[in-house]
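Shown next, in structure tokens, is the structure this report addresses.
In this chain, numbering begins with 1 at the start of the sequence shown. Note that ligands are numbered from 1 as they come in the structure, with each ligand's atoms numbered from 1 the same way.
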Amino acid sequence: MDDCLIVGGGVIGLSLAYELAGQGCAVHVLERGLPGREASWAGAGILPPGSITAPVTPDEKLARLCHDLHPQWAARLREETGIDNGYWRCGGIYLARTVAAAQGIRQQARYWKERGITVIETSPAGLAECEPALAGVERGVTAALFLPDEAQLRNPRHMKALLAACASRGVRVSGGVTVDDFETARDRVVAVRATSGRFAAGTICVTGGAWSRGLLARLGVAIAVKPIRGQIALLNTGAPVLRRVINEGRCYLVPRADGRVLVGSTEEDVGFDKQTTAEAIAGLLSFATELVPALAAAQLETCWAGLRPGSADGRPYLGRVPGYDNMFVAAGHFRSGLQLSPGTAVLMRQAILGQATDVDLSTFGVDRG
Ligand SMILES: Cc1cc2nc3c(=O)[nH]c(=O)nc-3n(C[C@H](O)[C@H](O)[C@H](O)COP(=O)(O)OP(=O)(O)OC[C@H]3O[C@@H](n4cnc5c(N)ncnc54)[C@H](O)[C@@H]3O)c2cc1C
């Protein structure tokens, strides 16, 4: 029997499997499709900086933990697997082009500064120094900030690296296995029932992303997680034209080192529908080409949509499932699951193994209402 069964092989499930296996646990990940091919593949990989001065709230502590862990995990994954996950401290620009949006990002700048995060307020005219591709855009800009500590990773590569690292630590990952139900005995979940049979384990953790609510409903447990679609267009300019992540409201441009640029994203409450739409992609392309006219000549390589696991209060659910001693959940990371994945894995490993957690998990509890 495995020590731990993990239901869902996205970035959260695989990071947790990697972390548990590092402590000698026998771990089996059950994944309905191909591992790492849902939201964790579809995301953009932006890693905003965490608080530098002592973080206060549990959310800040989790973000700070991840800020520290990402470069360490990138180096360790490269060492263990030879795969470079593309971690890159490229810096991020935050732009406003209306008076209201300028107020919003100045308020955000104060919040970041109070937490010791370096924020460089850039005059519209100075923008081109920070990001030459933005030359010319300054006429419409009402405020601009530069965060040198914003980073990114190439999430499809990160997923490959995690899978390889899990394999080298002895984690079994079974794709094409859909978990349908749980078998309980008093206050324990003794096994899961899946399309390909019954699997028993000492501990079970649901990391089913946007699908986690339906899974936990089988146990009569409610979590407010639902799918929020995000669409992305991928451009290729052959050679890099941008070097920073550029954020404006919910939209962004993420330059990869090879000349590709991700243009994202939408936030759509349309259920489990992963289609791309002409209107959304047209909107993203006009955002991109208006900001960086050089992108008008880029090749439109492909478009896709993914389902973020949105939670009602924007926080993930992390910890034990009430009513069951050996049942856990880590789901609902919404727009930040890639950013928050290594810290989530460490804290969940601590919770599952009965170790003291580095961050108090009650804020993220399933019973928080
Ligand atoms: C367009 C877009 C842009 C994003 N950009 C960023 C970003 O820049 N930075 C960032 O930090 N985050 C970003 N995110 C969010 C991030 O991708 C998610 O928060 C994160 O991937 C969630 O990981 P997960 O493992 O919980 O979910 P998923 O990756 O969705 O994995 C859940 C897995 O569970 C499996 N599963 C579900 N039900 C079952 C079942 N019954 N049996 C077996 N397996 C099951 C699914 O098949 C899936 O593989 C973005 C997301 C999208 C869609």
Side-chain angles (χ1 to χ4, degrees), residues 5-17 28-48 63 66-67 70 92 150-156 158-159 162-163 173-182 192-196 199 204-218 225 227-234 245 247 250-254 262-268 272 274 276 280 284 303-311 314 316-318 329-345 348:
L5 261 186
I6 294 181
V7 181
V11 74
I12 300 299
L14 291 178
S15 302
L16 175 58
H28 191 177
V29 179
L30 304 178
E31 164 56 46
R32 191 186 48 183
L34 290 170
R37 294 292 297 188
E38 289 290 350
S40 305
W41 181 91
I46 305 169
L47 310 175
C66 296
H67 179 83
H70 268 295
E150 185 150 294
Q152 60 163 291
L153 52 70
R154 292 187 79 152
N155 35 309
H158 183 62
M159 298 315 297
L162 272 177
L163 262 175
V173 180
S174 301
V177 178
T178 303
V179 171
D180 297 318
D181 212 345
F182 302 94
V192 305
R193 288 198 207 114
T195 39
S196 55
F199 300 86
I204 294 159
C205 186
V206 167
T207 55
W211 295 267
S212 301
R213 180 188 192 152
L215 275 162
L216 287 185
R218 297 282 180 176
V225 171
I228 300 291
R229 183 168 73 187
Q231 301 192 41
I232 287 191
L234 179 67
V245 173
N247 301 280
R250 287 175 181 164
C251 291
Y252 46 75
L253 302 175
V254 182
L262 276 79
V263 188
S265 184
T266 55
E267 262 185 34
E268 301 163 87
F272 290 96
K274 281 197 299 180
T276 50
L284 292 173
C303 308
W304 65 80
L307 301 175
R308 304 180 186 95
S311 73
Y317 289 89
L318 306 177
V329 60
H333 293 73
F334 192 35
R335 291 187 77 122
S336 307
L338 294 159
Q339 179 201 358
L340 300 180
S341 55
T344 294
M348 289 301 300

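The proximity of Thr207 to ligand 1, defined as any non-hydrogen pair under 4.0 Å, is limited to the backbone. By the criterion of a heavy-atom distance under 4.0 Å, the backbone of Phe334, and not its side chain, is placed next to ligand 1. Using a 4.0 Å cut-off between heavy atoms, Pro309 contacts ligand 1 through its side chain alone, with no backbone atom that close. Counting heavy atoms under 4.0 Å from ligand 1, residue Trp304 does not touch it at all. Contacts between Leu340 and ligand 1 below 4.0 angstrom, taking non-hydrogen atoms only, are absent altogether. Only the backbone of Val177 comes within 4.0 Å of ligand 1, judged by heavy-atom distances. Looking at Ile232 against ligand 1, only its side chain comes within 4.0 Å, counting heavy atoms.
Among all non-hydrogen protein atoms, the one lying nearest atom 17 (O) of ligand 1 is Ala39 O, 3.1 Å. Counting protein heavy atoms only, atom 38 (N) of ligand 1 is closest to Trp211 CB, 3.5 Å. Nearest protein heavy-atom neighbour of atom 28 (P) of ligand 1: Ser40 OG, 3.7 Å.
When each atom of ligand 1 is checked for a heavy atom of Gly43 under 4.0 Å away, the hits are 2 (C), 3 (C), 4 (C), 5 (N), 50 (C), 51 (C), 52 (C). Atoms of ligand 1 found under 4.0 Å from any heavy atom of Gln339 (numbered from 1 in listed order, with element): 10 (C), 11 (O). Annotation for ligand 1: atoms under 4.0 Å from non-hydrogen atoms of Thr178 are 41 (N), 42 (N). Residue contact check: Ser336 has heavy atoms under 4.0 Å from atoms 10 (C), 11 (O), 12 (N) of ligand 1.
Considering backbone and side-chain atoms together, Gly337 places an N or O closer than 3.5 Å to an N or O of ligand 1.
Side-chain contact between Trp211 and Thr178: absent, with no pair of heavy atoms (C-beta onward) separated by less than 4.5 Å.
The closest donor-acceptor contact from the side chain of His70 to the backbone of Pro342 lies at 3.5 Å or more, if one exists at all.
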